[in-house]
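Just so you know, ligand 1 is whichever comes first in the structure, and atom 1 is the first atom listed for that ligand. Reckoned from all heavy atoms, side chains included, excluding hydrogens, waters and symmetry mates.
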Amino acid sequence: MQARSDTGQTKDRYKRWMPQPIQSAVERNRALEEAEVIVAGVFMSDDGPQAATKDERVRQALRSAAATGYRGALGEVLILADEDSSPHLIAFTGLGTSDKVNHNVVCSAAAAAIKKLPRASAIASVLHDSFDGDPSPAVEGYSLGSYRFTRYKSDKSKDVERRILHVEADPDAVDPAVARSAAVWLARDLINEPASVLTPAALGDRARQAAASSGLSCQVYDEKWLREQGFGGVMATASGSSLPPRFIHLTYEPSGKPTSRIALVGKGVTFDSGGLSLKPAASMELMKTDMAGAAVVIAVMSALSHFEATARVDAYIPCAENMTGGSAMRPGDVIVHYGGRTTEVTNTDAEGRLILADALAWASETAPDALVDVATLTGSMTVALGKKASGLFSSSDDLRTEILDAAGSAGERVWPFPLYDDYLSELDSDIADAKNSGARWGGAIIAAVYLKQFVGAEIPWAHLDIAGTGRSERDYLEISRGGTGTPVRTLLSWVLGR
Ligand code: MN
Ligand code: MN
């Protein structure tokens, strides 16, 4: 990508977000001269809204806005026109009360502001004045809030190339925010791609591309290899589709001796019709999202070299399409998984656990220090937590705490659930080691306990059920409608902490 010609001689002044048309730069005078709008934070208080900047012009404009009833609650945005000064527009974005402000609040406020400025191409920002002067949380929010998936729109006129100009802040400070948001963009792009395009083979190709541009090694295994290795869950799930399955293995090697050996597993069901236990039409419409776990894992891997992660990380991604073709798996079939454990398929729509079973057993053989899987696994999880929080299950108290802490620092909601081993009896089978589907109540826990049977007994393991959070029907704060890229930032933060 070339820098915009109108920035001419100063093309290196802008920090590029790799996959998206946003740039970021620092220079006070230029910022105010070039920008169409200035974005400033506002705290909510008992004495009315308070400007979270020393910028006198902003403070005065906020005082003049007193009659509007604007309070400065998080996500509340007010845009004022002021023809007499430059830039003409001021956008106030609410931060809530000042005692609660942190990196994530500023990120959310920046995202809320930029969503209300869909046509603004040059934005001056003093949002870093709200919280310790660091421009990176605002940059992360501007980037996440600018996301749009327009590949299949013939009208590209709404694709705005944006420049963020930070008024008096350190330009290099934004690099981590740029890398983090680029990873989230990658996950969103993968999730939003239609299943006719993002087939299991295409997902393998995308993983190869991500690996090539971020210094990872990548192996994509085909159906022949999967059959030979005995990945019965992956083969059975793919058997009703004309598209063959794949198994992706990505590796990140740190430059020094690894501080930890981590394995990540992501569910890559590129489309889930339910198979012969067919979903109703309304539940099938968005089932291209069933590879969100895979997208999240690929996205996390793509950012590791940028952050010079010190852990070695291996990602294992089983990819298959669950369809109803004449060779589809049937209710009542018995699958032999990698490692030899067997499953009686009682519901072909509980296919995620079938492919994850193989991958978890495979990953366990490498005896990692920690094994984490991410999957859009159960409707039950969404019933329990709604659409704005992911469920966490872990066999290790330490690992659970680490991931909850990482989620807190990343600003993503993750909530812990129990792994009650006796719940496995709900899946007792007359003819195999377990059924894949059983009682309705506690379905997310039962699914997690099912998965646990495939994880090496000594391996600290965690399972993130993102059935509710992988996709959003709404645009709010830094979440965009469509694929969300949750919980890329949590996992990235966790891996970097190992
Ligand atoms: Mn399913
Ligand atoms: Mn599924």
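In terms of heavy atoms, T259 sits closest to A311 at OG1-N, 3.6 Å. Minimum interatomic distance between V234 and D358 (heavy atoms only, all atoms of both residues): N-OD2, 2.9 Å. When all heavy atoms of A183 and A299 are compared, the pair lying nearest together is O-CB, 3.1 Å.
Distances from the Mn ion (ligand 1) under 2.8 Å pick out these protein N/O/S atoms: D272 OD2, D349 O, D349 OD1, E351 OE1.
Partners of S394 according to the side-chain contact (heavy atoms from CB on, under 4.5 Å) rule, which considers only residues two or more places apart in sequence or in another chain, are S396, L399, R400, A462. Under the side-chain contact (heavy atoms from CB on, under 4.5 Å) criterion, E193 pairs with F149, R151, Y152, V197, L198, R206, sequence neighbours left out. Not counting sequence neighbours, K257 has no partner by the side-chain contact (heavy atoms from CB on, under 4.5 Å) test.
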